[in-house]
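Below is one structure, written out as structure tokens; the observations come after it.
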Amino acid sequence: MTISLRLSDDDTMLIKKYAEMNNMSVSDLIRQCVMEHIQNEYDLELFDRAMAEYKANPKTYSLNEVEKELKLI
């Protein structure tokens with residue numbers, strides 16, 4: 001798939017120089033940045049859910065309790 005992106009000349013130059021500094025193509029740089037951003041947003045959403053769950057039930061377990069429960073020891 002091809003996606004078009006409109007950028008100012010300054011932004012274009014900055015992106016090209018940054019890609020060059022990191023031995024990447026502009027396409028690879030943009031792809032990597034977008035995917036990292038999506039992953040960070042997803043991770044933050046999972047963190048928020050986990051924190052809400054924890055706040056609703058703040059029960060914690062020690063390592064020994066987990067090992068015994070999973071029959072690892």
Side-chain angles (χ1 to χ4, degrees):
M1 174 198 309
T2 300
I3 297 175
S4 296
L5 181 65
R6 295 187 197 282
L7 298 169
S8 69
D9 290 342
D10 288 342
D11 288 347
T12 300
M13 182 63 72
L14 178 63
I15 291 169
K16 284 181 177 181
K17 290 292 184 186
Y18 187 82
E20 187 179 301
M21 284 176 19
N22 289 281
N23 297 317
M24 303 173 78
S25 69
V26 170
S27 292
D28 287 342
L29 172 65
I30 292 172
R31 183 181 310 104
Q32 179 181 326
C33 290
V34 168
M35 296 308 292
E36 284 178 12
H37 182 79
I38 291 169
Q39 185 64 50
N40 289 341
E41 291 284 328
Y42 181 72
D43 290 346
L44 185 57
E45 175 64 27
L46 291 180
F47 171 79
D48 289 342
R49 287 184 198 175
M51 283 304 293
E53 230 178 88
Y54 172 74
K55 287 178 182 178
N57 180 18
K59 175 84 171 114
T60 60
Y61 301 90
S62 70
L63 178 59
N64 285 338
E65 290 171 323
V66 172
E67 288 174 334
K68 285 179 186 175
E69 179 70 25
L70 298 175
K71 296 181 170 91
L72 299 174
I73 57 172

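On a predicted model such as this, the values are computed, not experimentally measured, just so you know. Values reported hereafter were calculated over all heavy atoms of this structure, with side chains retained and with hydrogens, waters and symmetry mates removed.
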Open item on the list: Looking at E53, I want to see if its CD is surrounded by more than 12 non-hydrogen atoms of other residues, nucleotides or ligands under 6.0 Å.
Closed with: no

Open item on the list: Could you tell me if the side chain of E36 sits less than 4.5 Å from the side chain of Q32, heavy atoms only?
Closed with: yes

TODO: Following the transitive rule for hydrophobic clusters with a side-chain heavy-atom cut-off under 4.5 Å over Ile, Leu, Val, Met, Phe, Trp and Tyr, establish whether M24 and I15 coincide in one cluster.
DONE: yes

Open item on the list: Can you see whether D43 engages Q39 through a side-chain donor-acceptor pair at a distance of less than 3.5 angstrom?
Closed with: yes

TODO: Only one of V34, L29, D28 passes side-chain contact (heavy atoms from CB on, under 4.5 Å) with R31; say which it is.
DONE: D28

TODO: Return the minimal non-hydrogen interatomic distance between K55 and P58, and the atom names on each side.
DONE: O-CD, 4.0 Å

TODO: Could you tell me the separation between the NZ atom of K68 and the CG atom of L70, rounded to the nearest 0.5 Å?
DONE: 13.0 Å

Open item on the list: So for atom CG, which belongs to D9, do other residues, nucleotides or ligands contribute more than 12 heavy atoms lying within a distance under 6.0 Å?
Closed with: no

Open item on the list: Tell me whether M13 at atom CE has more than 12 heavy atoms from other residues, nucleotides or ligands lying less than 6.0 Å away.
Closed with: no

Open item on the list: Hydrophobic cluster membership, with links at side-chain heavy-atom distances under 4.5 Å among I/L/V/M/F/W/Y: are I38 and L5 in one?
Closed with: yes

Open item on the list: For F47, run the side-chain contact (heavy atoms from CB on, under 4.5 Å) check against E45, R49, M51 and tell me which one passes.
Closed with: M51

- [ ] Say whether L63 and Y61 are linked into one hydrophobic cluster, either directly or through other cluster members, by side-chain heavy-atom distances under 4.5 angstrom.
- [x] no

Open item on the list: Tell me if the NZ atom of K71 is crowded by more than 12 foreign heavy atoms within 6.0 Å.
Closed with: no

Task: L7 reachable from I30 in the ILVMFWY side-chain graph, under 4.5 Å edges - done: yes

Task: Contact summary for E65 and T60, nearest pair of heavy atoms - done: OE1-O, 4.2 Å

